[in-house]
Amino acid sequence: MVKDLFERIQDNKGPLGKWASQAEGYYVFPKLEGELGPRMTFHGKNILNWSLNDYLGLANHPEVRKADTDAAIQFGAAYPMGARMMSGHTTYHEQLENELAAFVMKESAYLLNFGYQGMVSIIDALVTKNDIIVYDVDSHACIIDGVRLHMGKRFTYKHNDLESMEKNLQRATKMAEETGGGILFITEGVFGMRGQQGKLKEIVAMKQKYNFRLLVDDAHGFGTLGKTGAGAGEEQGVQDDIDVYFSTFAKSMANIGAFVAADKSVIDYLKYNLRSQMFAKALPMIQTIGSLKRLELLRNSSSIKDKLWENVNALQNGLKEKGFNIGDTNTCITPVYLEGSIPEAMVMVNDLRENYGIFLSIVVYPVIPKGIILLRMIPTASHTLADIEETLTAFEAIREKLVNGTYKEIAERTTVDVS
């Protein structure tokens with residue numbers, strides 16, 4: 001007898017979906033309203049927001065808003081119509097690609113409609129069934145989904161672990177010798193959950209011993225790291241050795257879209273083989289022209305990045321001085337690790353939002369080990385030192401309530417399904 005396809009869906013909502021009845025609209029799918037920035041409205045209350053990836057505060061920069069508006073007035077939301085290969089190619093797309101390539105110090109670049117689908121498609125296009133992929137176990141979901149499409153062998157290494165990297169490169173080398181294929185090594189410039197940079201310098205050094213090509217997803221490094229903002233590769237002095245560089249516009253550029261940069265021969269190949277772009281409508285002019293203005297500000301307004309890092313250092317140093325564990329982050333991403341259960345975490349976040357006016361992202365098991373609560377903050381150039389002091393004061397108060405059992409007591413009085 002053939003099962004009803006939806007039977008599984010009814011019985012198993014998934015690791016996040018099982019929380020929907022309690023969490024939706026508050027802990028997940030929350031509605032933040034008002035102008036994008038550090039101060040927004042949540043459930044009718046003014047909150048201090050640490051959960052926007054608008055690192056450089058460009059979302060509401062007056063020049064950016066004007067560029068977006070002017071592009072919308074001139075072209076509307078539809079222009080251009082069609083995929084780039086057929087009827088959606090413009091001079092503006094070419095200009096943005098050329099400027100992005102120059103900014104990240106690569107020979108050529110290609111625009112992508114979305115970062116997620118772009119990365120999935122890049123991996124798919126770069127490898128055949130004879131090739132081997134080696135990638136970090138903590139890679140972003142877009143990398144994992146791209147690897148899932150691969151019909152050949154793949155190996156994961158322990159997060160940022162050099163010994164594990166080399167062990168898996170040895171395995172990949174042996175396998176590639178048997179299949180006659182090559183090796184694609186994938187890492188992130190910045191790991192978005194815990195804030196560590198990928199060990200790009202050490203990975204590049206392994207190229208002297210192993211024959212592989214390096215793909216780096218630098219979504220959180222682009223615009224925030226390096227002398228010019230070109231990312232984690234520039235920060236670590238190995239930008240030239242990254243074979244394929246990828247970043248999204250959804251972080252520092254405060255926009256929709258992404259790009260991939262590499263030698264011209266590689267980009268020429270990708271242009272004709274990236275299925276997610278070949279069969280998709282071109283990036284609209286609002287995003288294309290708007291990104292040109294954002295990139296101009298990123299190149300020419302170093303004070304924005306300086307302000308970002310002033311805030312990052314003030315927040316992270318303040319947390320450490322007050323005895324909080326922020327792990328080994330060496331980027332803007334600021335995690336705070338506390339000990340507690342999922343029910344305690346939910347009570348804590350409710351307290352933060354309702355009584356302290358602080359909104360941030362919370363991460364619990366299975367993303368991190370059981371018994372750990374990760375409060376993840378994204379400082380931006382738009383935050384103030386007063387915002388940071390307010391947050392540090394609130395954090396001291398919630399830590400006390402966690403330690404003295406207040407949150408546990410409240411959680412035990414609340415029906416929470418943790419099955």
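In what follows, every heavy atom counts, from backbone to side chain, and hydrogens, waters and symmetry copies are set aside. Note that the structure is a prediction, hence the values are computed from the model and not measured.
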Quiz question: by atom type and distance under 3.5 Å, do the side chains of [X] and [Y] form a donor-acceptor pair?
X: Asp263; Y: Ser265; result: no
X: Glu390; Y: Tyr356; result: no
X: Ser121; Y: Asp124; result: no
X: Asn317; Y: Asn313; result: no

Within the 4.5 Å heavy-atom criterion, are [X] and [Y] side-chain neighbours or not?
X: Phe324; Y: Arg399; value: yes
X: Ile123; Y: Leu149; value: no
X: Ile267; Y: Lys106; value: no
X: Leu58; Y: Met253; value: no
X: Lys322; Y: Phe395; value: no
X: Arg39; Y: Asp387; value: yes
X: Leu225; Y: Trp309; value: yes
X: His220; Y: Thr224; value: no

[X] atom [atom1], neighbour heavy-atom count above 12 within 6.0 Å:
X: Phe114; atom1: CZ; result: no
X: Met86; atom1: CE; result: no
X: Glu354; atom1: CD; result: yes
X: Lys401; atom1: NZ; result: yes
X: Asn211; atom1: CG; result: no
X: Lys281; atom1: NZ; result: yes

Atom pair [atom1]/[atom2] of [X] and [Y] - distance to nearest 0.5 Å:
X: Ile133; Y: Phe155; atom1: CD1; atom2: CZ; value: 11.0 Å
X: Ile289; Y: Leu283; atom1: CD1; atom2: CG; value: 10.5 Å
X: Ile326; Y: Lys320; atom1: CD1; atom2: NZ; value: 4.5 Å
X: Asn168; Y: Thr173; atom1: CG; atom2: OG1; value: 10.5 Å
X: Ile333; Y: Met377; atom1: CD1; atom2: CE; value: 12.5 Å
X: Met165; Y: Leu169; atom1: CE; atom2: CG; value: 9.0 Å

Quick one: does any side-chain atom of [X] pair with a main-chain N or O of [Y] as donor and acceptor, under 3.5 Å?
X: Lys199; Y: Asn160; value: yes
X: Asp131; Y: Gly181; value: no
X: Glu234; Y: Gln239; value: no
X: Gln277; Y: Asn113; value: yes
X: Asp351; Y: Val347; value: no
X: Tyr337; Y: Ile372; value: no
X: Thr179; Y: Asn130; value: yes

- Would the Phe222 and Phe259 ring centres measure less than 6.0 Å apart? yes
Return the minimal non-hydrogen interatomic distance between [X] and [Y], and the atom names on each side.
X: Ala254; Y: Asp54; result: CB-OD1, 3.5 Å
X: Ser51; Y: Ser361; result: OG-OG, 2.7 Å
X: Asn311; Y: Ile388; result: O-CD1, 3.5 Å
X: Ile373; Y: Ser341; result: CD1-O, 3.9 Å
X: Phe212; Y: Ile203; result: CZ-O, 3.4 Å
X: Pro38; Y: His383; result: CB-CD2, 3.6 Å

Salt bridge [X]-[Y], side-chain N to carboxylate O under 4.0 Å:
X: Asp243; Y: Lys207; answer: yes
X: Lys167; Y: Glu163; answer: no
X: Glu97; Y: Lys271; answer: no
X: Arg148; Y: Asp145; answer: yes

- Is Arg353 close enough and on-axis enough to Phe42, meaning under 6.0 Å and within 45°, for cation-pi? yes
- Task: Would you check, one step at a time, whether the test side-chain hydrogen bond (donor to acceptor under 3.5 Å, both in side chains) holds for Glu166 with Tyr210?
- Result: CA-CA 9 Å; Glu166 184 152 21; Tyr210 303 98; 2.8 Å; yes
- Query: What do the steps show when you test Ser139 against Asp136 for side-chain hydrogen bond (donor to acceptor under 3.5 Å, both in side chains), and what is the final call?
  - Reply: CA-CA 5 Å; Ser139 292; Asp136 194 294; 4.9 Å; no
- Query: Under the side chain to side chain contact (heavy atoms under 4.5 Å, CB included) criterion, do Asp4 and Gln10 qualify, and how do the steps go?
  - Reply: CA-CA 10 Å; Asp4 180 352; Gln10 301 301 326; over 6 Å; no
- Message: According to side chain to side chain donor-acceptor pair (under 3.5 Å), does anything in residues 248-257 pair up with another residue at least two apart or in another chain? List the pairs.
- Response: Asn255-Ser291
- Step by step, work out the side chain to side chain contact (heavy atoms under 4.5 Å, CB included) result for Leu56 and Leu308. CA-CA 6 Å; Leu56 300 175; Leu308 165 65; 3.9 Å; yes
- Message: With side chain to side chain contact (heavy atoms under 4.5 Å, CB included) as the criterion, how do Phe249 and Leu96 come out once you've worked through the C-alpha distance, each side chain's angles and the decisive distance to 0.1 Å?
- Response: CA-CA 12 Å; Phe249 295 161; Leu96 181 54; 4.3 Å; yes
Enumerate donor-acceptor pairs with a distance under 3.5 Å from any side-chain N or O in residues 184-197 to protein atoms, sequence neighbours excluded.
| from | atom 1 | to | atom 2 | distance (Å) |
| --- | --- | --- | --- | --- |
| Glu188 | OE2 | His140 | N | 2.6 |
| Arg194 | NH1 | Asp138 | OD2 | 3.2 |
| Gln196 | OE1 | His159 | NE2 | 3.3 |
| Gln196 | NE2 | Asp328 | OD1 | 3.2 |
| Gln197 | OE1 | Gln236 | NE2 | 2.9 |
| Gln197 | NE2 | Asn330 | O | 3.3 |

- Task: Decide side chain to side chain contact (heavy atoms under 4.5 Å, CB included) for Ile73 and Thr69; before the verdict, give the C-alpha distance in whole Å, the side-chain angles of both, and the deciding distance to 0.1 Å.
- Result: CA-CA 6 Å; Ile73 291 171; Thr69 301; 3.9 Å; yes
